[in-house]
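Working notes, structure below.
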Amino acid sequence: MKKLFGLVLLTVSFMMDAQTNSELLKHYEAYYKEMKAQGDTQGIINAMTHLNVLSPSVERKDTLAYIYMRGNQYMQALNTIGIKQNTTDSDIAVEVKALSLKAVKQLELAIEHFEEMFKRHPNALIAYELADLNVQIQNLPEADKHIAYGLANSKADDKKAFYETQTPYEVPLKAAFMYLNALTTYSKDQKANIDAVLDILDATLKEAPNFRLIQITKTEMLRQKQVQQEAEKPKN
């Protein structure tokens, strides 16, 4: 009899827990919708965290990491989703890892995930990220490969934003690839290639006359060329 009574109590306890869990899920699902409607990012994060604790799923974890990333909370995003490359990762997970690792300056790790993004959905915008990152780590052959792809596949309405001045601006993506081409050309031989770099910069300005970074770079290249010419003059 005692055993039967204990079993009944245990069953009732499980049923109450299940009911409580179900009620909590409904509560936080409603809370999530309300926070989303209000645009309350922290509220959305709180709701999604509770939902993931109550009913864990890969989709919820990916969504939580994505929300962190969109709020520039890159370490929180990576702590939520990890940094390892997994072939089973969703497209959202790959994107979160790539962009978050780039933001925290883990460039080589970021490249791995951008390469996975490119493998799944090859396009010029992802190629630009790969070219830019490879320029930064001075992997010029890889950078050249992605630059060539970008120059061949950039569409007329593809744009790239730049932020080196107080007022951000956009240029055609093709022009952005041309600028990267100038950088790799310069890196290969900083003395012999100055004229070639200047030619690329001039062509880029024709493509994007508002490209302020090109003007800054061209001024520096002309300065270096003058210094080089002065050094090469025969001394009396």
Which is it for L151 and K174 under the side chain to side chain contact (heavy atoms under 4.5 Å, CB included) test, yes or no, and what are the steps along the way? CA-CA 6 Å; L151 290 172; K174 181 180 178 181; 4.1 Å; yes
Could you walk me through whether N153 and N123 pass the side chain to side chain contact (heavy atoms under 4.5 Å, CB included) test, one step at a time? CA-CA 7 Å; N153 292 279; N123 63 71; over 6 Å; no
Test side chain to side chain donor-acceptor pair (under 3.5 Å) on N193 and T185 and set out the steps. CA-CA 7 Å; N193 287 350; T185 301; 5.9 Å; no
Checking E142 against L130 for the side chain to side chain contact (heavy atoms under 4.5 Å, CB included) test, could you report, in this order, the C-alpha distance in whole Å, the side-chain angles of both residues, the deciding distance, and whether it holds? CA-CA 8 Å; E142 278 296 301; L130 284 164; over 6 Å; no
Report the C-alpha distance between E220 and Q224 in whole Å, list the side-chain angles of each, state the deciding distance to 0.1 Å, and finish with yes or no for side chain to side chain donor-acceptor pair (under 3.5 Å). CA-CA 6 Å; E220 174 58 22; Q224 288 191 29; 3.0 Å; yes
Side chain to side chain contact (heavy atoms under 4.5 Å, CB included) assessment of S187 paired with L140: CA-CA 8 Å; S187 294; L140 301 184; 3.8 Å; yes
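For the ring-ring contact (aromatic ring centres under 6.0 Å, His included) condition, the pairs that include at least one residue of residues 181-228, sequence neighbours left out, are F162-F211, Y179-F211.
M75 and L101 fall within a single hydrophobic cluster, where Ile, Leu, Val, Met, Phe, Trp and Tyr side chains are chained together by heavy-atom contacts under 4.5 Å. No chain of hydrophobic side-chain contacts below 4.5 Å, direct or via other Ile, Leu, Val, Met, Phe, Trp or Tyr residues, connects L173 to F118. Using a 4.5 Å cut-off between side-chain heavy atoms of Ile, Leu, Val, Met, Phe, Trp and Tyr, with links allowed through other members, V104 and L99 fall into the same hydrophobic cluster. Hydrophobic cluster membership is shared by L222 and L183, with clusters built from Ile, Leu, Val, Met, Phe, Trp and Tyr side chains linked at under 4.5 angstrom. With hydrophobic clusters built from ILVMFWY side chains whose heavy atoms lie under 4.5 angstrom apart, I111 does not share a cluster with L125.
Residues satisfying the salt bridge (Lys or Arg N to Asp or Glu O under 4.0 Å) criterion with K105, sequence neighbours excluded, are absent altogether. N72 meets the side-chain hydrogen bond (donor to acceptor under 3.5 Å, both in side chains) test with Y74; sequence neighbours excluded. For Q73, the side-chain hydrogen bond (donor to acceptor under 3.5 Å, both in side chains) criterion is met by no residue, not counting sequence neighbours. Partners of Q85 according to the side-chain hydrogen bond (donor to acceptor under 3.5 Å, both in side chains) rule, which considers only residues two or more places apart in sequence or in another chain, do not exist here.
Counting heavy atoms from C-beta outward, K145 and N134 have side chains that stay 4.5 Å or more apart. Side-chain contact between V94 and N86 is absent, with no heavy-atom pair separated by less than 4.5 Å. Here the side chains of N79 and Y68 are not in contact, with every heavy-atom distance at 4.5 Å or above. Looking at D62 and V96, their side chains never come closer than 4.5 Å, going by heavy atoms from C-beta outward.
Between atom CD1 of residue I81 and atom OG of residue S100 there is a gap of 8.0 Å, rounded to the nearest 0.5 Å. Residue M117 holds its CE atom at 13.5 Å from NZ of K119, rounded to the nearest 0.5 Å. For the atom pair L133 CG and L109 CG, the distance stands at 11.5 Å (nearest 0.5 Å). Note that OG1 of T184 is 4.5 Å distant from CG of D144, once rounded to the nearest 0.5 Å. Of the inter-residue distances, the one linking E164 atom CD with T217 atom OG1 reads 8.5 Å to the nearest 0.5 angstrom. A distance of 11.5 Å separates OG1 of T49 from NZ of K61, quoted to the nearest 0.5 Å.
Looking at every heavy atom in both residues, A110 comes nearest to K102 through CB-N, 3.6 Å. The two residues F114 and A98 make their nearest non-hydrogen contact at CE1-O, 3.6 Å. H146 and A127 make their closest contact through CB-O, 3.5 Å (heavy atoms, listed as atom of the first residue, atom of the second, distance). A65 and A77 get closest at one heavy-atom pair: O-CB, 3.4 Å. In plain terms, the two heavy atoms of T165 and T167 that are nearest each other are OG1-O, 2.9 Å. Of all heavy-atom pairs spanning Q136 and L107, the tightest one is OE1-CD1, 3.5 Å.
At least one donor-acceptor pair under 3.5 Å links the side chain of H113 to the backbone N or O of I83. D189 places a side-chain N or O within donor-acceptor distance of the main-chain N or O of K191, the cut-off being under 3.5 Å.
Open room surrounds CD on E108; 12 or fewer heavy atoms of other groups in view lie less than 6.0 Å from it. By the neighbour-count criterion of 12 heavy atoms within 6.0 Å, atom NZ of K188 is densely surrounded, having more than that number from other residues, nucleotides or ligands. By the neighbour-count criterion of 12 heavy atoms within 6.0 Å, atom CD of Q226 is sparsely surrounded, having that number or fewer from other residues, nucleotides or ligands. In the displayed structure, K160 atom NZ is contacted under 6.0 Å by more than 12 heavy atoms of other residues, nucleotides or ligands.
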Less than 3.5 Å apart, which donor and acceptor atoms pair up between the side chains of residues 194-203 and the rest of the protein, not counting sequence neighbours?
from : atom 1 : to   : atom 2 : distance (Å)
D195 : OD1    : K225 : NZ     : 2.8
D202 : OD1    : K218 : NZ     : 2.7

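Salt bridge E116/R120: present, at least one basic N to carboxylate O contact under 4.0 Å.
With M178 as reference, T204 is the one residue of T204, L205, V171, I214 to meet the side-chain contact (heavy atoms from CB on, under 4.5 Å) rule.
Aromatic ring centroids of Y149 and F177 lie 6.0 Å or more apart.
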